[in-house]
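Below is one structure, written out as C-alpha cells, with a few remarks after it.
Counting starts at 1 for both ligands and their atoms, following the listed order.
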Amino acid sequence: MIPFLDLKTQYRQIKPQVDDAVLRVMESGQYVLGPQVEAFEERFAAYCGASHCRAVNSGTSALHLALLAAGVGPGDEVITVSMTFVATAAAILYAGAQPVYVDVDPVTWTMDPARVAAAVTPRTKAILPVHLHGLMADMDPIMDIARRHGLVVIEDAAQAHGAEYKGRRAGSIGDLGCFSFYPGKNLGAYGEGGAVTTSRADLAQRIALLRDWGQASKYNHVIAGYNYRMDAIQGAVLNVKMDYIEEWTEARRAVGARYDQLLASSGLARPNPPAHSRHVYHVYAISHPRRDVALKTLQAAGVGVGIHYPVPVHLQKAYADLRFKPGSLPVTERLAGEFLSLPIYPELAPEQAEYVARALDAVPGVEAA
Ligand SMILES: *Cc1c(COP(=O)(O)O)cnc(C)c1O
C-alpha cells in the first residue's frame, strides 16, 4: 500500500519539537495571534523574499483579504483560471467581483498570458494567476500586461511554497501572494491556516486590519473587517516546520525527478517546467489518455491516487456562469479529463516511486514513446 498522502510519518519525525511548542502555547494563555504568529510571519516573509507577511486562518481567507486590500469589489472583473481549486473563484465572488476565466498553457498547465491580454476589459481590476501543482505561472508577461493596464496582480501560491520563477520566489512577484497551510499543503499546519505576503507596507497594514475586525486598537473599528486571525497553536507548529521546509522541498523535488526519469519513455504528458523555474511538486500530475482505466489499475495495485481537478470551476454547478459554457476553455477541459496525481511527499522512498511507475506501465492502451 502506498497512500496518496502520509502526514503521520512527518509528524513522528518532529514530534518532540511540535509537542513542546504546542504545550508552550497552552501554558502561555495567548491562543490567537501573538508572538508565535508574529515570529512565523517574519520568517515566512523572509522565506518568500517579501517584506511583509500577515497570517490568517485559511488560504481562502488570504485570497479574500488580498482582493479586498487591493480594492477589488462589486462591478470589477478578476482574470483567473478555471483549472484550480474552487477557493480561487469563490474568493473573487466573496469580494463581490466576477471571475473571468482564461485557458491554461498546454505545456505548463498554468495561466496562458496570451489569453490574459485578450481578456482585459475596462472593468478588469486584477489578475489572479494560480501556481498549479507547485509550478509558477509565467509571471513576466502577466506582470507586463498588469503594468500596461494598471491592474493588481495577486498570486494564488497555495500550492507553491518555495517555488521559484527566474530566481524569485512565489509570493514576491505580484502585489500580493496568498498561501494556504491546510495540512496537506507543502507547508501544513495541524489545522487550518493561511497567509498573505506583500512588499507594500500599505497593503500589509490593510490585511492586518481586515483579518481582525478592522480594529486599529481594541474596540476601535476603522473599517468593516472579519475574524480571519491565525491561531497561536498553528503559528507555533509552522515555526517548527520552517526549520525543515527547504529539506522537505528538496526531498519532494527528488521524488519528482525520480518520477520524471521513470516515466521518461512512457509517452505520458507531464508539465514541462521551464529551465528558469523551481517546481515544488505539491502534486505530481500526469495527463493520461485513459485516465479512468489508469486510476482503477493503480488503485488495484494499492497505490493512492488523486485528480487535481476532475471538474474545472466553470463547469461546477455552484459556479456555473453563462459566459463560460462547456467548450469555452478547451485545454482546461481536456486536461480535467486526463489529469491523474501520483503519491508525492518528502518521505516517499525511491522503491515506492518505482512501484508506482511499474503499476502505471501495466495500464493497457498507452503507446510507449
Ligand atoms: C488549498 C487551496 C486554496 C485554499 O486554501 P484553504 O487553506 O483550503 O482555504 C486556494 N487555492 C488553491 C490553488 C489551493 O490549492
Check: every ligand 1 N/O to protein N/O pair under 3.5 Å:
unit_1, atom_1, unit_2, atom_2, d
ligand 1, 5 (O), Ser180, OG, 3.3
ligand 1, 7 (O), Gly59, N, 2.7
ligand 1, 7 (O), Ser180, OG, 2.6
ligand 1, 9 (O), Gly59, N, 3.3
ligand 1, 9 (O), Thr60, N, 2.9
ligand 1, 9 (O), Thr60, OG1, 2.5
ligand 1, 11 (N), Asp156, OD1, 3.3
ligand 1, 11 (N), Asp156, OD2, 2.8
ligand 1, 15 (O), Gln159, NE2, 2.8
ligand 1, 15 (O), Lys185, NZ, 2.9

Below 4.0 angstrom, N of the basic side chain to O of the carboxylate: do Arg253 and Glu250 qualify?
yes

Inspect the contact between Arg148 and Asp144 and indicate whether a charged nitrogen and a carboxylate oxygen are less than 4.0 angstrom apart.
no

Please confirm whether the ring centroid of Tyr165 lies under 6.0 Å from the ring centroid of His131.
no

Does the ring center of Tyr226 lie less than 6.0 Å from the ring center of Tyr94?
no

Do the rings of His161 and Phe179 sit parallel, tilted or perpendicular, given the 30° and 60° boundaries?
tilted

Ser172: partners by side-chain hydrogen bond (donor to acceptor under 3.5 Å, both in side chains), with sequence neighbours left out:
none

